[in-house]
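Below is one structure, written out as structure tokens, with a few remarks after it.
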Amino acid sequence: MRYWLMKSEPDEVSFDDVLAAPDRTTAWFGVRNYQARNFMRDQMQPGDGVLFYHSSCAAPGVAGIAEVASGPYPDASQFDPSSKYFDAKATREQPRWISVDVRAVEKGRYLPLTEMRGVPELDDMVLLRKGSRLSISPVTPGEWNAVLRLIRQEQ
DNA sequence: GCCAACGTTGGC
DNA sequence: GCCAACGTTGGC
């Protein structure tokens, strides 16, 4: 069992959107970075823990807890010419990009990035490293436990 | 809107 | 295979 942090722009897909979706599950599409793709393809397993992170918004932070809910499969948006994620070099026979399904599990207190930066257990988090832009990054068990403790704190 | 940091592209 | 130019990410 591994742990991950996955970034989503809440204007596109927010944690509440996933909570409201059928089976609280959504396809994670639009990843167009090879390192992030390889994490999904090679390392993610159904049941892995996911920190659902809101990026590119007024107050970036962890919006909820989710889990990986499928194995990898081709990202449909790469084949759709009307999608901004269309990739002319991808074919059905040779897909380039993949998705996994993600299921919302628990919504706690919103944990802002600004607060995360002050938490000693999170000092080495990939997310917090200078210049880190990965949309999917690994989370250690220690980091996972620290984040869960924080989001379950009373407000 | 700015801009640092990083990834990708393409000429050579 | 190098690397400059360009594009993107994402916090601020």
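Below, chains carry the letters A, B, ... as their sequence lines are ordered, and counting in each starts from 1.
Whole-Å rounding puts the A/Tyr34 OH to C/dT9 P distance at 14 Å. Distance, A/Arg32 CZ to C/dT9 C1': 15 Å, rounded to whole Å. The CE atom of A/Met116 sits 12 Å away from the P atom of C/dC12 (whole-angstrom rounding). When rounded to the nearest whole Å, the span between CE of A/Met125 and P of C/dG11 equals 13 Å. Going from atom CG of A/Leu128 over to atom P of B/dA5 covers 16 Å, rounded to whole Å. Summarising the geometry, the separation between CD1 on A/Ile136 and P on C/dT9 is reported as 14 Å, rounded to the nearest angstrom.
At a cut-off of 3.5 angstrom, counting only N and O atoms as typed in the model, there is a donor on one side and an acceptor on the other between the side-chain of A/Arg133 and the base of C/dT8.
Distances shown here put every side-chain N or O of A/Tyr53 at or beyond 4.0 Å from the OP1 or OP2 atom of C/dT9.
Considering all non-hydrogen atoms of both residues, A/Gln78 and A/Arg96 come closest at OE1-N, 2.9 Å. Taking both residues in full, the closest heavy atoms of A/Ile98 and A/Met40 are given as O-CE, 3.2 Å, listed atom of the first, atom of the second, then distance. Across all their heavy atoms, A/Trp4 and A/Pro138 have their closest contact at CE3-CA, 3.7 Å. Contact between A/Lys7 and A/Ser55 at its shortest, heavy atoms only, is CB-OG, 4.0 Å.
At its two ends the helix from B/dG1-C/dC12 to B/dC12-C/dG1 runs along axes set 10° apart, each axis drawn from five pairs and the angle rounded to 10°.
Aromatic pair A/Phe52/A/Trp28: centroids less than 6.0 angstrom apart.
Note on A/Arg129: nothing from the nucleic acid sits closer than 4.0 angstrom, heavy atoms only.
Connection of A/Val68 to A/Leu148 is not established within any shared hydrophobic cluster, with ILVMFWY side chains joined at heavy-atom distances below 4.5 Å, either directly or through further cluster members.
When the nucleotides C/dC12, C/dG11, B/dA4 are ranked by their closest atom to the side chain of A/Lys130, B/dA4 comes out on top. Out of C/dC12, B/dG7, B/dT8, the shortest distance to the side chain of A/Gln35 is found at B/dG7.
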